[in-house]
Structure formats: C-alpha cells, structure tokens
Amino acid sequence: MQTIIEPFRIKSVEPIYFNNEAERKLILEKAFYNPFLIHSNDVLIDLLTDSGTSAMSSNQWAGIMQGDESYAGSPSFFHFEKTIQDITGMPLVIPTHQGRASEKILFSILGGKGKYFVSNTLFDTTRANIEFSGAEGVDLVCEEGKHPTVAAAFKGNMDTEALKNFIAEKGAANIPLCIITVTNNSGGGQPVSMENIKAVKKICAENNIPLFIDACRFAENAYFIKLREAGYSDKSIPEIVQELFSYADGCTMSAKKDAFANIGGFLALRNEALAQQCRNLLIMTEGFPTYGGLAGRDLEAIAIGLEEVMDEHYLQYRIRSIEYLTNKLIAAGVPVMQPAGGHAVYLVADEFLPHIPIDQYPGQALVAELYVHGGIRSVEIGSLMFGKYDANGKLIPAALELVRLAVPRRVYTQSHIDYVAEVIIEVFNNRNKIQGLTIVEEAPALRHFTAKLKPVATDLHDEQLKKAEAALPVL
Ligand code: F0G
C-alpha cells in the first residue's frame with residue numbers, strides 16, 4: 001500500500017523554538033514538574049492536548065472574516081445552527097464557549113445530591129461538573145476497556161449488563177442521564193460501536209432515562225465504525241454520524257476537537273422544556289442564545305469545521321497517523337495502549353516504569369522525562385488526574401496509569417511523529433534512571449492542572465530500583 005499522505009498543503013507556518021536538555025531540566029523544575037505550568041514556547045512538540053490546537057483551513061479563515069458580530073440574530077448563528085441540526089438531527093442548538101460550559105449548564109439543571117450519571121467513562125471536566133452539583137458520576141466501561149494492552153475493536157463500549165444492574169440497584173428515577181463519550185477519551189480514545197449505542201439506548205428507553213452523547217470526537221468514532229463494524233463499510237461518514245446521533249436525546253460538544261476550532265462548543269437537544277432551562281442559564285453565564293459565549297466568527301469557523309471533519313481522506317490520515325506512532329512503539333517493546341485510539345497514543349506508565357510505586361505517580365514521572373529528554377509535552381491520565389484519598393490520606397489510585405500524547409489536528413507532519421517515536425524509545429531504553437515524584441501542593445478538584453511536584457529523594461529511588469531488579473526473573 002502507498003503512504004497515506006497528509007491531505008493538505010501548508011500555507012502558513014509557526015516556528016518551533018529549540019532548547020537543549022539542560023535548559024529543559026531547569027524549565028521543568030521551575031514548572032514544578034507539571035506540564036501545564038510550562039510555557040508553550042519552551043516546548044518542541046506539544047502533545048498536551050488535541051483540544052483547541054487544530055490548524056484551521058483556509059476556508060475556516062475565510063469564514064472568520066465573514067463572521068457577523070451582531071448581538072442577536074446573526075446569520076453566523078443560523079449557519080452554525082443549521083449545520084448542527086443537519087449533522088445531529090437535533091432541532092435545538094445552544095452555543096457555548098467550550099464543552100465544559102455545556103456540561104456546567106446541563107448538570108446544574110439535572111444534577112444534585114442523590115443523583116447518578118452513568119457513562120462508559122466520563123471525562124475529567126464532565127465528572128467535575130457532575131460532582132460539583134452534588135451528584136455522582138459512574139463509569140461502566142466494558143471489560144476489554146479496562147485492559148490497556150488487550151486489543152479489541154470497540155474498547156469504548158459501555159458494559160450493558162452493568163448498566164442494567166446499576167439501574168436496578170439505584171432506581172431509574174435517580175439517574176437523570178446516561179452519557180456515552182465518543183471516542184472514550186479517558187479510556188484511551190477507544191471507539192464505541194453502533195451496536196453498543198443502540199443497546200444502551202434500548203435499556204435507557206425502557207427505563208425512561210435520556211441518552212446523551214459527549215460528542216467531542218464524533219467523526220473519529222464514526223470512522224472507526226466504518227472500518228471495524230459489520231454493515232458500515234459502504235456507508236458515508238455523514239450517514240454513520242446521523243445514525244449515531246439518532247439514538248441520542250441530546251449531546252454536549254467541545255468544538256475544540258472534531259470541529260477544528262480553537263474555541264467553542266454547544267449543547268444540542270430534542271426536549272424544548274430542557275432547552276428553555278438551558279437557555280435561561282446560558283443568558284446568565286455565557287451570553288444571548290444566538291452567540292452563547294462565542295464571537296460570530298467562531299460560529300462560522302465551527303460550522304465549516306464540522307463539515308470538513310467528515311471528509312474521509314482527512315479521517316483516514318488522522319486515524320493512520322495515530323496508528324503509525326503506536327505501531328512504531330509496539331515494535332520497540334514500549335507498553336502502549338492497543339489498538340491505537342483516535343486522537344492520541346497512550347503509554348502504559350505503570351508497565352513502562354514498574355520500579356516507581358503508584359503513589360509516586362509513574363505517569364507524571366514519565367511526562368517529566370519525555371519533556372526533559374525530547375521537549376515533548378504530554379499529559380498524565382492516571383492517579384494524579386483521577387486519584388483520590390481515603391479517610392487516612394492514603395492514595396486511592398486511578399483505574400489506569402496512562403500518559404497521553406494527544407496529536408493536534410492537521411498540525412504536525414510525519415517527521416515530527418518520527419521524532420516523537422525516537423524520543424519515547426530512547427526514554428524507554430533508559431527508563432531505570434527515571435525517579436518518582438511527590439506532590440508539594442494541590443487543589444481540591446482537578447488538581448492535575450495546578451499541582452506542584454518534586455522528585456523523591458535519589459537514595460529512595462536507588463533502593464526501589466534494586467528491589468525491582470531483584471524481583472525480575474533470572475534468565
Ligand atoms: N468531554 C471530553 C470527552 C473531552 O475530551 C473534553 C475536553 C471535554 C468534554 C471538555 O471540553 O475542553 O471544550 O471544555 N478535553 C480536552 C482534552 C481538554 O485535552 O482531552 P472543553
């Protein structure tokens with residue numbers, strides 16, 4: 001097969017500022033070993049997130065110039081509204097400034113003490129907004145989704161048996177929504193099958209629980225359905241997308257992902273009474289319902305991006321570039337989530353660094369080393385992000401210890417990705433020298449964004465290494 005090429009030419013470029021390992025060591029120390037506290041000019045390849053980091057197309061930039069900035073009734077809103085109605089089949093479209101603003105509005109209305117929101121896996125801001133309302137978020141991902149290195153086609157699927165049991169246990173009246181995240185970001189960017197969405201919808205309908213989609217990466221998920229699910233190979237992406245949304249009663253969306261926008265989001269709904277409540281809150285917190293926290297130009301860029309993302313040449317290149325990096329790492333023996341997800345490569349940090357105990361955050365230690373060694377910025381999705389403390393202050397670890405390398409859309413070329421693979425493999429080959437970290441300062445919620453850390457003492461590290469080596473089988 002021929003190389004799958006980037007389906008675009010580059011018209012405008014941004015410089016990368018180079019620095020060396022010694023400089024990066026100091027930068028990291030000053031940033032308290034937290035990649036969110038590093039200045040982006042000090043990063044060579046920025047894989048912190050695929051959110052808001054896309055390269056917009058010349059058409060989107062043209063749309064930016066055409067944006068109508070009227071406070072009320074802007075034609076840019078009607079373009080935005082019509083595009084989303086066509087894609088989702090949902091008549092009621094509410095613009096927000098990003099995904100979490102949609103979540104905040106939705107869960108302020110539907111949340112509260114004693115309520116449960118069930119999901120395949122909730123993203124961190126979604127969970128935080130649910131918990132902030134007093135409600136609980138519950139992840140019911142399928143068994144395959146809990147094993148990072150076990151390959152399966154749809155590891156983002158929800159466990160339908162667990163869903164039925166949960167509903168029976170807590171009572172449908174206490175479950176205001178079921179939310180399917182496509183693709184399953186916190187579970188490795190793994191897709192959800194149409195069959196699973198249909199099955200979840202059936203259970204929800206029988207129990208009068210509305211089904212919502214967290215739609216951030218809907219097009220990537222649709223492409224996986226086309227590739228992997230029987231009966232979909234001849235369907236177009238818009239057809240698959242329309243079917244996917246047809247099972248949902250509503251969706252939240254961050255346009256910073258699969259809409260190629262640098263900012264933006266929306267809520268799309270079928271229920272007028274709920275939409276009215278959402279709009280009332282929107283006016284208080286975001287803005288008038290025809291702009292909702294966005295400029296007219298943003299609405300245009302999002303409307304155009306939502307059409308562009310469903311192009312099959314783009315999606316083929318997108319999914320292939322993640323798979324390309326994943327395969328290079330697998331070939332070098334690096335523990336990596338399999339199969340490749342849609343938007344990111346996930347290193348399995350506890351297998352990469354078995355000598356670092358979980359309460360010394362192996363994921364964050366790996367993030368630190370990737371930055372120092374190669375200037376690559378990644379993010380921990382593990383016990384720093386999701387860990388909690390028990391009554392004695394002991395860490396309750398996250399289900400998975402992952403490091404995410406999220407690839408911005410249409411930004412990096414194949415040689416950038418080759419460089420990333422080289423750096424990870426070099427770090428892997430020298431993994432024994434990597435030390436664990438301890439937290440110096442942390443916030444009560446979403447602590448990973450602002451936490452300050454420091455390395456554990458070197459003598460402790462040496463001791464752990466000796467123990468780990470002693471535990472290895474003698475060949
Ligand atoms: N839902 C999912 C699945 C997400 O991945 C995100 C954001 C959100 C909701 C919130 O959207 O950022 O526009 O408020 N994920 C980013 C990430 C931040 O890096 O994965 P937002």
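Counting starts at 1 for both ligands and their atoms, following the listed order. Quick note: residue numbers are just sequence positions, from 1.
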Compute the minimum heavy-atom distance from E103 to ligand 1 and say whether it is under 4.0 Å.
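Under 4.0 Å: yes for E103.
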Look at the aromatic rings of F80 and F77 and report parallel, tilted or perpendicular, splitting at 30° and 60°.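 Tilted.
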- Whether F218 and F245 hold their rings parallel, tilted or perpendicular, with breakpoints at 30° and 60°: tilted
Heavy-atom proximity to atom 10 (C) of ligand 1 ranks first, among V182, D50, T126, T125, for T125
- prompt: What do we get for K256 next to ligand 1 when only non-hydrogen atoms under 4.0 Å count, side chain, backbone, both or neither?
  reply: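 Near ligand 1, K256 shows its side chain, while the N, CA, C and O stay back.
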Quick look: R404 vs ligand 1, heavy-atom contacts under 4.0 Å, and the answer is side chain
Mark up the atoms of ligand 1 that fall under 4.0 Å of a heavy atom belonging to G99, in ascending order.
->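 The atoms of ligand 1 under 4.0 Å from a heavy atom of G99 are 11 (O), 13 (O), 14 (O), 21 (P).
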Ligand 1 to T181, heavy atom cutoff 4.0 Å, flagged ligand atoms 3 (C)
Q. With a 6.0 Å cut-off on ring centres, are F260 and Y314 close enough?
A. yes
| Geometric N/O contact C216 with ligand 1, under 3.5 angstrom | no
With E286 as partner, the option from Q98, H97, K104, R279 fulfilling side chain to side chain donor-acceptor pair (under 3.5 Å) is H97
Can you tell me which residue among K257, R318, K226, R320 is in a salt bridge (charged side-chain N to carboxylate O under 4.0 Å, His left out) with E220?
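It is R318, the one option of K257, R318, K226, R320 that forms the salt bridge (charged side-chain N to carboxylate O under 4.0 Å, His left out) with E220.
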